Amino acid sequence: MIHEIFPVGPLHCNCSIIGDETTREAVVIDPGDDIEHVLALLRKHKLQVKQIVITHGHIDHVGGAMKLRAATGAPILLNQNDYAQLKMLDVQAAWIGVAAPGAVEIDQSLTTGDVVKAGAHAASILHTPGHTEGSICLYFPAEKTLIAGDTLFAGSIGRTDLPGGSMEKIMQSLHGTVLALPDDTLVVPGHGPLTTIGDERERNPFLVKG
Ligand SMILES: [Zn+2]
């Protein structure tokens with residue numbers, strides 16, 4: 001599996017490109033910004049984008065999606081519970097002091113039970129509300145990799161004080177869904193360094209049980 005992970009935009013959202021070495025099909029996850037760089041990496045690996053997946057409707061994760069769709073023709077997928085977030089992208093832009101990206105159109109909703117494929121590499125979608133109502137994670141069981149969005153970070157968890165956030169729900173998502181994954185699962189958070197489920201189970205102060 002080709003897996004490029006790189007920070008984009010002023011908030012350093014971790015964007016992922018997942019590609020199949022044989023079919024050259026790819027999925028781009030959270031193209032928040034810096035689409036020229038995303039396109040350069042796709043060209044470098046000779047990949048064709050089949051789907052653009054957004055882990056949740058915050059501007060730093062979705063801001064570049066329309067530009068990437070225009071350049072590649074690939075559809076944009078986001079859980080429908082976060083469509084409301086897209087209606088307030090101008091407000092979100094003002095919070096962090098960046099230009100509003102304009103309207104974002106979603107082609108398809110994604111939720112638990114759905115599968116996203118980059119060639120032979122398949123991810124199960126896990127609906128993990130809490131940071132936002134429509135937050136999702138992508139779990140690649142064969143590759144032992146979780147793209148966690150802003151649900152789980154190395155040593156921390158996503159904030160729940162923004163509209164649609166819920167501490168109760170993020171705790172349910174983490175203990176009920178995310179921590180059910182094997183310890184040796186690589187976690188790619190929405191921001192910051194990579195980690196593993198085992199490390200977070202053992203050391204994350206928000207998850208360790210007294
Ligand atoms: Zn977020």
Side-chain angles (χ1 to χ4, degrees), residues 5-17 27-35 38 52-68 76-106 109-112 116 123 125-139 145-175 177-179 187-195 200 204-207:
I5 306 163
F6 48 98
V8 296
L11 296 185
H12 307 290
C13 164
N14 283 328
C15 177
S16 275
I17 296 173
V27 172
V28 177
I29 303 155
D30 286 353
D33 204 347
D34 302 334
I35 298 307
V38 174
I52 301 164
V53 178
I54 312 299
T55 59
H56 64 288
H58 282 160
I59 188 170
D60 50 325
H61 297 258
V62 74
M66 289 298 278
K67 195 173 171 188
L68 185 60
I76 304 172
L77 288 66
L78 169 78
N79 180 269
Q80 60 186 2
N81 291 292
D82 265 10
Y83 291 2
Q85 298 284 345
L86 301 181
K87 297 204 172 81
M88 51 179 294
L89 282 177
D90 50 343
V91 179
Q92 294 186 36
W95 287 341
I96 61 173
V98 301
V104 177
E105 293 164 26
I106 300 303
S109 179
L110 276 179
T111 192
T112 300
V116 165
I125 300 299
L126 307 172
H127 182 211
T128 52
H131 175 63
T132 62
E133 284 285 341
S135 287
I136 58 165
C137 298
L138 291 87
Y139 176 50
T145 297
L146 181 76
I147 311 291
D150 286 0
T151 297
L152 178 62
F153 300 119
S156 188
I157 64 173
R159 59 189 290 185
T160 56
D161 58 326
L162 296 173
S166 161
M167 181 57 86
E168 195 185 335
K169 284 185 183 172
I170 202 170
M171 282 302 171
Q172 278 173 10
S173 292
L174 287 162
H175 288 292
T177 303
V178 176
L179 291 185
V187 177
V188 182
H191 302 265
L194 309 190
T195 182
E200 296 313 305
N204 189 312
F206 293 89
L207 303 178

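Start at 1 and go down the list; that is how both ligands and their atoms are numbered. Keep in mind that what you see is a predicted model, and the values were worked out from it rather than measured.
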Engineer: Please check this pair: side chain of H127 against backbone of I136, looking for a donor-acceptor N/O pair closer than 3.5 Å.
Structural biologist: no
Engineer: Shortest non-hydrogen contact from S135 to H56?
Structural biologist: OG-CB, 3.6 Å
Engineer: For D150, what is the atom name of its N, O or S atom nearest to the Zn ion (ligand 1)?
Structural biologist: OD2
Engineer: Please name the pair of heavy atoms, one in W95 and one in P163, separated by the smallest distance, quoted to 0.1 Å.
Structural biologist: CH2-CD, 3.7 Å
Engineer: Suppose we only allow N, O or S atoms; which atom of H58 ends up nearest to the Zn ion (ligand 1)?
Structural biologist: ND1
Engineer: What pair of heavy atoms forms the shortest contact from T132 to Q85, and how long is it?
Structural biologist: CG2-NE2, 3.8 Å
Engineer: What angle sits at the Zn ion (ligand 1) between NE2 of H131 and NE2 of H56, to 10°?
Structural biologist: 100°
